[in-house]
*Asks:* 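Encoded as structure tokens, here's the structure I'll be asking about.
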Amino acid sequence: MRLPRLVTGGSAVAVLLLGVACGEPFGLLPARTPNVVDSLVSLYALIGTPPSQPSGYRLDLGLPVRTDQSTSFDFAFDIDSAGRAVLLPTGALRLGRASGVQITGTPFDSIKLAPDRGYQLDSAVVVTAGVVALLHSRPTTVCGFSTVYYAKLQVLAVDSAARRLDFQILDNQNCGYRGLEPGLPRR
């Protein structure tokens, strides 16, 4: 699991450079954080599991999070009333139509670039083992600039008894970049 990046420096030049890196009209700075596949991440259903277990995921940090402690997450996992595993963007949880999920038929390893449209914003997306999904974060403000993070996810297993979803994810940690290949991403 990766640790979150920290931005340091307080000069006007640092703020300008951060703005450039986050998609301002001047373009993007070269990517600095290599994309890495986190090969086993688990989330537990929002309902029917202890609140101490993570049910949500933050793309900007690349981490599973507890949804009982924060509303700062981009998608959550649950099992619906029909017994199906679902990914829930923030709009489906009435937290604003900010993040998105879309299912794709493209194999996980073949996805090179996240699309910039076509995401489900306000309803649950049903997933099963083997399904590949693309995700985008809610807009995140970094030093006054708003950016969106992108990821690809493949469901490895759904354990209905444990109410757990296991998946692999490649989460691009470079603000403003949509590249979803391992290594330094392209724009």
Side-chain angles (χ1 to χ4, degrees), residues 1-5 31 33-46 49 53-67 70 72-80 84-93 95 97-140 147-160 162-186:
M1 187 173 299
R2 292 167 291 170
L3 297 175
R5 295 180 320 279
T33 304
N35 289 338
V36 176
V37 175
D38 197 346
S39 59
L40 181 59
V41 179
S42 297
L43 293 180
Y44 295 83
L46 286 168
T49 60
Q53 299 291 354
S55 295
Y57 195 90
R58 277 189 69 166
L59 294 176
D60 63 330
L61 299 178
L63 296 171
V65 296
R66 290 176 52 175
T67 57
S70 173
S72 293
F73 57 88
D74 298 302
F75 68 93
F77 163 68
D78 204 2
I79 296 179
D80 69 10
R84 301 174 302 182
V86 293
L87 294 179
L88 302 157
T90 55
L93 296 166
L95 298 173
R97 299 179 75 217
S99 65
V101 178
Q102 71 173 275
I103 301 299
T104 180
T106 305
F108 183 84
D109 291 332
S110 297
I111 298 170
K112 309 296 183 203
L113 192 66
D116 60 358
R117 59 184 57 92
Y119 294 88
Q120 182 59 254
L121 304 176
D122 53 13
S123 62
V125 176
V126 177
V127 295
T128 58
V131 163
V132 176
L134 297 158
L135 308 131
H136 77 70
S137 72
R138 70 212 180 290
T140 302
T147 190
V148 173
Y149 294 87
Y150 294 90
K152 62 181 178 179
L153 169 153
Q154 181 176 21
V155 176
L156 301 174
V158 176
D159 184 335
S160 296
R163 302 181 67 80
R164 186 183 73 235
L165 177 75
D166 297 327
F167 58 93
Q168 67 175 337
I169 189 167
L170 184 145
D171 180 3
N172 191 330
Q173 293 290 296
N174 296 278
C175 65
Y177 281 77
R178 294 186 299 129
L180 296 176
E181 297 178 87
L184 286 176
R186 58 188 171 113

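Throughout, numbering of the chain's residues begins at 1 and tracks the sequence. All values reported here derive from a predicted model rather than from experimental measurement.
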*Asks:* Do you know which two heavy atoms are closest between Leu59 and Ala151, and how far apart they sit?
*Replies:*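 Minimum heavy-atom contact is CD2-CB, 3.6 Å.
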*Asks:* Not counting sequence neighbours, which residues clear side-chain hydrogen bond (donor to acceptor under 3.5 Å, both in side chains) with Gln102? List them please.
*Replies:*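 Result, side-chain hydrogen bond (donor to acceptor under 3.5 Å, both in side chains) vs Gln102: none returned.
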*Asks:* Measuring from atom OG1 of Thr140 to atom CG of Asp60, what distance do you get when rounded to the nearest 0.5 angstrom?
*Replies:*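 Between atom OG1 of Thr140 and atom CG of Asp60 there are 4.5 Å.
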*Asks:* Applying side-chain hydrogen bond (donor to acceptor under 3.5 Å, both in side chains), can you list everything that pairs with Ser160, at least two apart in sequence or on another chain?
*Replies:*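 Partners of Ser160 by the side-chain hydrogen bond (donor to acceptor under 3.5 Å, both in side chains) criterion come out as none, since no residue qualifies.
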*Asks:* How close do Pro54 and Pro64 get, heavy atom to heavy atom, and via which atoms?
*Replies:*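 Pro54 and Pro64 have their closest heavy atoms at CB-CB, 3.8 Å.
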*Asks:* Mind jotting down which residue pairs meet the ring-ring contact (aromatic ring centres under 6.0 Å, His included) criterion with at least one end in residues 115-140? Sequence neighbours excluded, please.
*Replies:*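 For residues 115-140: Tyr119-His136.
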*Asks:* How far apart are the closest heavy atoms of Asn172 and Tyr149, and which atoms are they?
*Replies:*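 Reported closest heavy-atom pair: O-CD2, 3.4 Å.
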*Asks:* Which residues pass the salt bridge (Lys or Arg N to Asp or Glu O under 4.0 Å) test with Arg164, not counting sequence neighbours?
*Replies:*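 Salt bridge (Lys or Arg N to Asp or Glu O under 4.0 Å) check on Arg164 returns Asp159, Asp166.
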*Asks:* Suppose the criterion is salt bridge (charged side-chain N to carboxylate O under 4.0 Å, His left out): which pairs have a residue in residues 102-129, not counting sequence neighbours?
*Replies:*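 Residue pairs passing salt bridge (charged side-chain N to carboxylate O under 4.0 Å, His left out), neighbours aside: Arg97-Asp122, Lys112-Glu181.
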*Asks:* What closest approach, in Å, do Val155 and Phe167 show between heavy atoms, and which atom pair accounts for it?
*Replies:*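 Smallest interatomic distance, heavy atoms only, reads CA-CB, 4.1 Å.
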*Asks:* Please determine whether side chain to side chain contact (heavy atoms under 4.5 Å, CB included) holds for the pair Leu165 and Leu156, giving the CA-CA distance in whole Å, both sets of side-chain angles, and the decisive distance to 0.1 Å.
*Replies:* CA-CA 8 Å; Leu165 177 75; Leu156 301 174; over 6 Å; no
*Asks:* Taking only residues two or more places apart in sequence or in another chain, which ones pass ring pair (Phe, Tyr, Trp, His ring centres under 6.0 Å) with Phe77?
*Replies:*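 Scan of Phe77 (ring pair (Phe, Tyr, Trp, His ring centres under 6.0 Å), adjacent residues dropped) gives none.
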*Asks:* List for me each residue that meets side-chain hydrogen bond (donor to acceptor under 3.5 Å, both in side chains) alongside Thr90, sequence neighbours excluded, and say none if there are none.
*Replies:*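 Scan of Thr90 (side-chain hydrogen bond (donor to acceptor under 3.5 Å, both in side chains), adjacent residues dropped) gives Ser99.
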*Asks:* Give, for atom CG of Asn35 and atom CG of Leu184, the distance between the pair rounded to the nearest 0.5 Å.
*Replies:*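 Answer rounded to 0.5 Å: 8.0 Å.
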*Asks:* Considering all heavy atoms of both residues, which atom of Leu135 and which atom of Leu153 are nearest to each other, and what is their separation?
*Replies:*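 Result for this residue pair: CD1-CB, 3.8 Å.
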*Asks:* Between Lys152 (side chain only) and Phe108 (backbone N and O only), is there a donor and an acceptor less than 3.5 Å apart?
*Replies:*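 Checking the backbone N and O of Phe108 against the side chain of Lys152, a donor-acceptor pair under 3.5 Å is found.
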*Asks:* Apply side chain to side chain contact (heavy atoms under 4.5 Å, CB included) to Val86 and list each qualifying residue two or more places apart in sequence or on a separate chain.
*Replies:*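 Here the qualifying residues are Asp78, Asp80, Leu88, Ala124, Val126.
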*Asks:* For the OG atom of Ser55 and the CG atom of Leu43, what is their distance to the nearest 0.5 Å?
*Replies:*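 That separation rounds to 7.0 Å.
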*Asks:* Could you work out, with side-chain hydrogen bond (donor to acceptor under 3.5 Å, both in side chains) as the rule, every residue matching Gln53, not counting sequence neighbours?
*Replies:*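 Listed in chain order: nothing, the list is empty.
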*Asks:* With side chains defined as the heavy atoms from C-beta onward, is the minimum distance between Tyr57 and Asp171 less than 4.5 Å?
*Replies:*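 The answer is yes; the side chains approach within 4.5 Å.
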*Asks:* If I compare all heavy atoms of Pro182 with all of Leu170, which pair ends up nearest, and what's the gap?
*Replies:*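 Scanning both residues, the minimum pair turns out to be N-CD1, 3.7 Å.
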*Asks:* Could you tell me which residues satisfy side chain to side chain contact (heavy atoms under 4.5 Å, CB included) with Ser72, sequence neighbours excluded, listed by chain and number?
*Replies:*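 Side chain to side chain contact (heavy atoms under 4.5 Å, CB included) check on Ser72 returns Arg58, Ser70, Arg138.
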*Asks:* Kindly write out the residues that satisfy side chain to side chain contact (heavy atoms under 4.5 Å, CB included) with Thr106, not counting sequence neighbours, or none if the list is empty.
*Replies:*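 Listed in chain order: Thr104, Ser110, Ile111.
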*Asks:* Go through the structure and list residues passing side chain to side chain contact (heavy atoms under 4.5 Å, CB included) with Ile103, not counting sequence neighbours.
*Replies:*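 Only Val125, Val127, Val131, Ala133 meet the side chain to side chain contact (heavy atoms under 4.5 Å, CB included) criterion with Ile103.
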*Asks:* For side chain to side chain contact (heavy atoms under 4.5 Å, CB included), just list the numbers for Thr67 and Phe73, CA-CA rounded to whole Å, side-chain angles, deciding distance to a tenth of an Å, and then say yes or no.
*Replies:* CA-CA 8 Å; Thr67 57; Phe73 57 88; 3.6 Å; yes
